[in-house]
Amino acid sequence: MRILRLELKRILKAKSTWILLILALVFSILLAYLPVSYCYTNYTDGEGKEISLTGRASIAYEKERQSGASGIVSPERVRRAVEAYQACLSKYGVAESYDLPEGVYQQEILPIAPLLHGVREAFADPNTGMAPTLMEIDPKQLDSFYTVCEERIVSLMAMEQPDSPAARSKAAEMYRQVAKPFEVYPGMSSTVMDYQNIMGLLVLLFCVVTAAPVFSADYQSGADDILRCTRHGRGRLGAAKAAAALLISGTAFTACAAAYLLTVNSLFGWDCTRTSIQMMYSIVTLIEINIGELQCLFAAAGLLSVLASVSFTLFLSSRCKRTGTSLAMALAFCIAPVVICMTLPGETSGWICSILPASGTSIQASVLYAITDFQFLRVGSLALWTPYAMIGACAIEIPVFLFLTVRSYCKHIVN
Amino acid sequence: MELLIDHVSKQFGDKKAVDDISLKLTPGVWGLLGANGAGKTTLMRIIAGIMEPTSGRVEYNGVPIQTLGERYRDLFGYLPQEFGFCHELTVWDYLEYISALKGIPEGRSRRKIRQLLEQVSLTEVCRKRISNLSGGMKRRVGIAQALLNDPEVLILDEPTGGLDPGERVRFRNLLSEFAHNRIVLISTHVVPDVEYTASCHVVIKDGSLLAIGTTEELVRLVEGKVWDCTVPAERASEYEHKLQLADLRNERGGETSIRYLADQPSIAGSVPAVPRLEDLYLWLFPQNGEQNWRV
């Protein structure tokens with residue numbers, strides 16, 4: 001413990017560590033504010049005056065207008081919302097809400113819009129996946145809305161995973177177990193989750209930059225020659241250095257994630273976090289959680305990903321004689337999931353992205369998008385949902401890379 | 001107590017940095033002399049256990065140092081030639097950090113740090129960051145860390161680099177005090193640093209052992225080869241090129257005293273001089289690149 005305490009003191013005495021930690025925290029709060037700054041509402045008031053609202057004022061206005069839609073999304077409420085939508089568009093003789101006269105959308109459609117989420121998707125063509133317009137849906141069918149949704153996941157999986165019956169049945173089974181009806185509490189958009197993803201990646205990069213020189217800087221400066229000639233200068237020091245880096249990274253990520261979530265939820269309203277994930281993403285999303293739980297799950301997965309990436313970076317650091325090399329390699333591995341996700345075909349990219357330690361918070365290939373997607377990895381005749389694979393891989397990688405790091409540090413020989 | 005270096009060689013590609021060196025180090029101060037690139041640092045790193053020899057082995061009291069592992073490092077102190085510090089730490093924090101790594105209990109470590117800071121004259125700067133210290137001060141911090149665990153085996157690679165003459169003297173005194181009943185190996189190419197403190201010298205060249213012995217034994221090898229004479233000042237530069245000069249001093253009256261190395265006197269009026277270890281060094285490592293002699 002004494003070595004760990006002194007190692008922590010050593011890292012925390014470096015100005016660069018504090019600069020990176022403070023920057024990460026400031027960026028987290030800034031990123032939490034950005035989705036609010038993009039909120040915009042434009043409407044005409046009772047006196048015919050055009051009003052533009054931005055930021056929190058816009059959120060407050062929309063929440064107030066949509067307060068009637070809040071609560072349980074029962075099939076009956078969905079049917080009434082669709083009927084109201086169809087009646088409105090019929091009254092003005094238009095086929096799309098974009099064509100409504102000015103002010104009508106805000107007056108008649110906006111208050112019911114949260115309940116219309118996912119209706120078109122649920123009624124998508126089972127063969128083509130094309131969603132009908134709301135005008136084409138028979139409201140009577142909405143009495144069995146959730147049965148339609150369960151049928152939709154079957155047809156969707158037939159298109160997504162045609163060669164994997166295991167994945168198809170697993171997905172159908174998972175969706176069946178999701179408690180229905182869903183709930184909706186308007187006011188928050190999925191942008192909040194996208195920015196949480198960016199925050200995670202940013203903190204991950206800061207942590208990797210902090211961890212990359214842990215061993216290699218001492219090799220490079222020659223400080224290691226003195227350290228490894230001491231009684232505890234090999235195994236215990238290696239373990240203490242790795243533990244200190246993990247502790248600092250873990251604390252930094254937790255603090256940044258907490259700052260982000262506290263800020264963003266305070267700005268949008270904590271009630272929004274009770275919305276079912278299916279009412280923000282796909283109506284057939286396979287997991288039973290609300291947005292607050294999604295935020296926490298994603299933060300936990302992000303923490304695991306950061307710890308796995310830092311463990312991997314420490315391993316690289318213990319192998320590289322120069323800080324520049326360990327840093328460049330670590331950063332390359334951090335952005336690898338993004339590149340692989342964009343360049344390699346589905347199954348291969350799915351496997352690689354699930355294994356790479358940084359994929360938990362990577363852009364496009366993160367746990368967040370995996371949760372809202374329908375990708376399964378095939379393991380023989382079994383199918384493994386990608387988010388489980390990503391989280392499992394990170395949990396395994398942390399001890400494995402830590403062991404390899406300490407072993408590599410102990411065996412490091414000057415040449 | 002003995003440290004045995006048994007037929008140790010180290011090869012880097014085609015170059016043999018250390019070539020089949022065998023030595024038995026017993027308690028006392030040992031000077032490891034050699035020009036730059038002679039293989040001193042490589043040999044010291046092998047003895048420190050941070051570099052593996054291509055062949056041969058190092059044993060402490062009959063047990064290979066790899067087998068001893070932690071026990072060897074426990075009785076070992078090492079100051080590398082070039083070393084980095086944790087620059088963000090203060091002198092005190094750094095020594096406390098190394099103490100912890102050396103397994104010294106906290107209370108004892110504080111007393112030892114205070115004592116060493118006093119001995120290396122760093123007490124006043126102990127709360128300063130290492131990055132703000134001068135080169136000589138950093139070197140003294142290095143010496144202090146090597147002595148923290150009262151090592152039985154102390155390996156110092158060029159310990160006096162960057163020290164001013166006063167600090168050099170204090171270092172020599174500290175070492176003489178410390179070396180009682182311990183093995184101390186000091187590598188240097190600054191001969192006076194070890195001439196009077198080392199009980200025995202090891203001379204290596206191009207990775208090979210060239211000579212070994214006490215100061216008296218080694219200087220005997222150049223007996224009759226060191227000459228003193230006085231020449232007119234205007235001819236001094238001529239002799240500088242012709243002869244292997246050990247010393248050149250301008251005297252009053254337009255004359256210059258020179259001390260040179262040669263098998264036979266080369267200048268009329270030369271008288272044999274009492275040889276010093278530095279003369280042997282210059283004889284073995286001639287500055288004009290010629291090889292004078294092999295042992």
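Every chain is numbered from 1, with letters handed out A, B, ... down the list of sequences.
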> Do the non-hydrogen side-chain atoms of A/Glu7 and B/Tyr97 ever get within less than 4.5 Å of each other?
Replying inline: yes

>> Please classify the contact of B/Ser99 with chain A as side chain, backbone, both or neither, using a heavy-atom distance under 4.5 Å.
In response: both

> Side chains of A/Arg10 and B/Glu88: does their closest heavy-atom pair fall under 4.5 Å?
Replying inline: yes

>> Between A/Lys15, A/Gln220, A/Lys9, who has the most heavy-atom pairs with chain B when the cutoff is under 4.5 Å?
In response: A/Lys9

>> Out of A/Cys229, A/Ala14, A/Ser16, return the one with the most heavy atom pairs under 4.5 angstrom to chain B.
In response: A/Cys229

> Within a radius of less than 6.0 Å around CD of B/Glu70, do more than 12 heavy atoms belonging to other residues, nucleotides or ligands occur?
Replying inline: yes

>> Rounded to the nearest 0.5 Å, what separates atom CG in A/Asp225 from atom CD in B/Gln81?
In response: 11.0 Å

> Between A/Ala217, A/Ala223, A/Ala240, which residue shows the highest count of heavy-atom pairs closer than 4.5 Å to chain B?
Replying inline: A/Ala223

> Considering only heavy atoms from C-beta outward, does the side chain of A/Thr230 approach that of B/Asp74 to under 4.5 Å?
Replying inline: no

> Any chance CZ of A/Arg319 has more than 12 other-residue heavy atoms, nucleotides or ligands included, within less than 6.0 Å?
Replying inline: no

>> At under 4.5 Å between heavy atoms, what parts of residues 231-238 of chain A are in contact with chain B? List them by residue number.
In response: A/Arg231, A/His232, A/Gly233, A/Arg234, A/Leu237

> Which atoms of B/Ile46 come close to chain A, meaning under 4.5 Å heavy atom to heavy atom: side chain ones, backbone ones, both, or neither?
Replying inline: neither

>> What part of B/Tyr72 gets within 4.5 angstrom of chain A, counting heavy atoms only: side chain, backbone, both, or neither?
In response: neither

>> Take a 6.0 Å sphere around CZ of A/Arg407 and say whether it holds more than 12 heavy atoms from other residues, nucleotides or ligands.
In response: no

> Which atom pair, heavy atoms only, marks the closest approach of A/Ile226 to B/Pro80?
Replying inline: CG1-CD, 3.5 Å

>> Using 0.5 Å steps for rounding, measure from the CD1 atom of B/Ile50 to the CG atom of A/Asp224.
In response: 7.5 Å

>> If I measure from the heavy atoms of chain A, does B/Arg71 come under 4.5 Å with its side chain, its backbone, both, or neither?
In response: neither

> Out of B/Glu96, B/Gln145, B/Glu106, B/Lys102, which one racks up the most heavy-atom pairs below 4.5 Å with chain A?
Replying inline: B/Glu106

